[in-house]
There are 2 protein chains.
Amino acid sequence: MDAGPDLAALAGAVGDATRIRMLELLMEGRSLVAKELAFGTGVSPATATVHLKRLEQARLIRSTRQGRNKVFRLATPTVARMVEALMTVAVRGPRASATPEPLRAARYCYDHLAGRLGMGITDALLRGGHLSLRRRAFALTPSGEDWFEAFGIELAPLREQRRQFAHRCLDWSERRDHLAGALGAALASRVFSLGWVERQPDSRGLVVTPSGQRGLRRHFGAL
Amino acid sequence: MDAGPDLAALAGAVGDATRIRMLELLMEGRSLVAKELAFGTGVSPATATVHLKRLEQARLIRSTRQGRNKVFRLATPTVARMVEALMTVAVRGPRASATPEPLRAARYCYDHLAGRLGMGITDALLRGGHLSLRRRAFALTPSGEDWFEAFGIELAPLREQRRQFAHRCLDWSERRDHLAGALGAALASRVFSLGWVERQPDSRGLVVTPSGQRGLRRHFGAL
DNA sequence: TCCATCGTTCGTTCCATGACGAACCGTTTC
DNA sequence: GAAACGGTTCGTCATGGAACGAACGATGGA
C-alpha cells in the first residue's frame, strides 16, 4: 500500500540512540575501527558488532578489513547529508543554544570543514572569484584552478574520483552552504597537514592553531 | 560527552515505522486529522494519539483544533526537507527501481510540486529567465514577477509570509532542485485550482488532466 | 610457536514500548 | 436533551531488541 522508498526500514536503522551516535562519530570523516565505535558509544564490542551489522545492511556504512581490524566509514556522501539534515532539525528546540561554541566555530562535517571556519573559507573563495555557484554544486573558475594548485592541491586526481567534485553542503549551525565533495575534502586535508587546524579529542570540533590564524588570514583575509 | 544537537531524541521520534509513515502522509502538504492518520497507518485511534503526541513533542508536527477535530501538519519546511533527505537515502538499494512511476512523474512534496512535473516547471521558469539561481534559494526576476502575476498569483501576500519565499528543494527521484517555499506552494495551489492536476487517492501522486496537458504545454513548453 | 588482540557468535536477561479495547470527555448535530 | 462522533486516557499484554558475558576463530607480533 505504501509508495516510494522504503522509509520504514531506514527509519528503523537510524532510530536508535547507539546507532545514530555511531553515524555521528563517522561524520568526522575518519574511518573508525569497530572497537573505537564501541568505546565511543559506550557499549560492549559484542553489542557494537550487532549495530554495525545492521547499519551496514541498511547501506548506511561500509566496512573494509585491514588485518584483524575492521574499519568503517559512511557509505556515501548522501548519507552524510542525511545526517546533517537530521542535525538541522534537531538543533532547534530548548537546547538549541546549547550547541557548544567550539563546534559552531570549526568542525569536521564528514570529511570537509564546516562551522564558521568552513563558511568563511567558502565565502572567501566565492568573493575572490575562485569558486562560482552552480545549481547543485560549486564550480571552480580558471583563477580558482590556479589558486588551488598554488595552495598545494593537485586537481587532476580529484577529478578522477567518482564522488562529486565540489559539492554544496548545508551547514546546520550556519544554515548556509559550504564547500564539500572531493575538493572540499582535499582542502580540509591540506589545511590539516599544514598544521593550521587540529582535532579536538573525541569530538568533531577543530581548533585553529596560531600558525593557522596567520595562514588563514593571509590566504582568506579576515574570516 | 556528546556534542551538538540532540540527535538521539530526534532519531527516537523518527525511528518507528508508524511514525515515519505519518510524516510521509503529511508530506503531501495536506493537513490531516487524527483519524485519517490513524487509518492511513493502519492503527487504532488510541495508538495514533500516542504517536502524534510524541511527534508533536519532538516538534516535528504541529496541531490545531478545529471543532472536535484535531488537524496536524508538518511543523516547518525544514522537517519536510529532512524527510526528503531520508527518502533520498532510502531510495537506493535493491528496491530503487521499484519507486512507482506515477510518483516519479508528478507528486506533492510537502506543499509544492515535485517529480518530473515539478522539475520541468522549474526548468522552464529558469530557461525563460523568470527565475534565477541564488545561493540557497531561487530569486524572482522582474520578468518573473510579471509572469506570476499574469498566471494569477498575487505576490505581495506571499512576500509577507514568514516562510522562505522561493526555496530550493532537493528531489529524491530527480536528484535536482525544484521550486518550493511560499512561491512554490502558491504555484502548486494555482495549478491545482485550474484543474490541471488532480490528486491520486491515498498517495502523494498527482495526475495531469487533459486540460492540464494543454495548459502546461502552453505555459511551459514541452515538459 | 605462543600469546595478545580484535571481532563475531551464542545464549540469556531484561526493559522499553507499540498495540489494543474499554471507558471517558468534549463538541457537534439532530 | 439525546445521540453520534472524534479524540484522549488508562490498563494490560506481548514482543522486539538492546545489552552483556563467555566462548570461539582469525590475524599479527614477539
Side-chain angles (χ1 to χ4, degrees), chain A residues 1-2 6-26 30-75 202, chain B residues 1-2 6-26 30-75 202:
Chain A
M1 93 176 281
D2 198 347
D6 186 3
L7 270 182
L10 174 65
V14 170
D16 170 83
T18 302
R19 286 195 291 271
I20 195 79
R21 173 89 182 110
M22 286 175 164
L23 293 177
E24 205 178 350
L25 286 171
L26 291 170
R30 267 189 293 195
S31 293
L32 298 174
V33 302
K35 198 186 184 183
E36 293 171 309
L37 286 163
F39 182 79
T41 52
V43 107
S44 78
T47 305
T49 295
V50 179
H51 284 306
L52 290 168
K53 187 188 287 184
R54 174 123 191 229
L55 285 172
E56 196 160 15
Q57 278 169 350
R59 305 221 195 182
L60 293 172
I61 63 176
R62 263 197 252 275
S63 67
T64 53
R65 301 207 56 113
Q66 284 189 7
R68 61 185 166 189
N69 293 326
K70 197 168 180 181
V71 300
F72 293 89
R73 64 184 189 290
L74 294 188
D202 298 326
Chain B
M1 92 176 281
D2 198 348
D6 186 2
L7 269 182
L10 175 66
V14 170
D16 170 82
T18 303
R19 285 195 292 271
I20 196 79
R21 174 89 181 109
M22 286 175 164
L23 292 178
E24 205 178 352
L25 287 172
L26 290 170
R30 266 190 296 194
S31 294
L32 297 175
V33 302
K35 200 186 184 185
E36 292 171 311
L37 287 163
F39 182 79
T41 53
V43 108
S44 77
T47 305
T49 296
V50 179
H51 285 305
L52 290 169
K53 187 189 285 184
R54 174 121 191 232
L55 285 172
E56 195 160 15
Q57 278 169 351
R59 306 222 193 183
L60 294 172
I61 61 176
R62 263 196 250 279
S63 68
T64 53
R65 302 208 55 113
Q66 283 187 8
R68 61 187 168 190
N69 292 326
K70 198 167 177 183
V71 301
F72 294 89
R73 64 185 189 287
L74 293 189
D202 298 325

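The chains referred to below are lettered A, B, ... by the order of the sequence lines, with proteins before strands, and numbering in each begins at 1.
The stretch residues 43-51 of chain B comes close to DNA chain C through B:Val43, B:Ser44, B:Ala46, B:Thr47, B:His51, each having a heavy atom under 4.0 Å from the strand.
Between the A:Glu36 side chain and the A:Val33 main chain, a donor and an acceptor come within less than 3.5 Å of each other. Put simply, the side chain of B:Glu24 never gets that close to the backbone of A:Leu7: no donor and acceptor are under 3.5 Å apart. A donor-acceptor pair is defined here as one N or O able to donate and one able to accept, closer than 3.5 Å; such a pair exists between the side chain of A:Arg19 and the backbone of A:Ala13.
One can place CG of B:Asp16 at 12 Å from C1' of D:dG16, the figure rounded to the nearest angstrom. Per the geometry, CZ belonging to A:Phe72 stands 12 Å off C1' belonging to C:dC6, to the nearest Å. For the pair A:Leu52 CG and C:dC6 P, the computed distance is 15 Å after rounding to whole Å. Going from atom NZ of A:Lys53 over to atom P of D:dA18 covers 13 Å, rounded to whole Å.
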Any chance you could lay out the side-chain contact (heavy atoms from CB on, under 4.5 Å) test for A:Thr64 and A:Arg73, step after step, and finish with the verdict?
CA-CA 9 Å; A:Thr64 53; A:Arg73 64 184 189 290; 3.9 Å; yes
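Among the nucleotides C:dG7, C:dG18, D:dG6, the one closest to any side-chain atom of B:Lys35 is D:dG6.
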Below 3.5 Å is the cut-off: list the nitrogen or oxygen pairs between protein and nucleotides 27-30 of chain C, distance only.
{"unit_1": "C:dT27", "atom_1": "O2", "unit_2": "B:Arg68", "atom_2": "NH1", "d": "3.3"}

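In this structure, B:Val43 and B:Leu37 have side chains that are not in contact, with every pair of non-hydrogen atoms separated by 4.5 Å or more. Side chains of A:Thr18 and A:Thr47 form no contact here, defined as non-hydrogen atoms less than 4.5 Å apart.
Where pairing requires Watson-Crick or G-U contacts shorter than 3.5 Å, the helical stems of DNA chain D with at least three consecutive pairs are C:1-30 with D:1-30.
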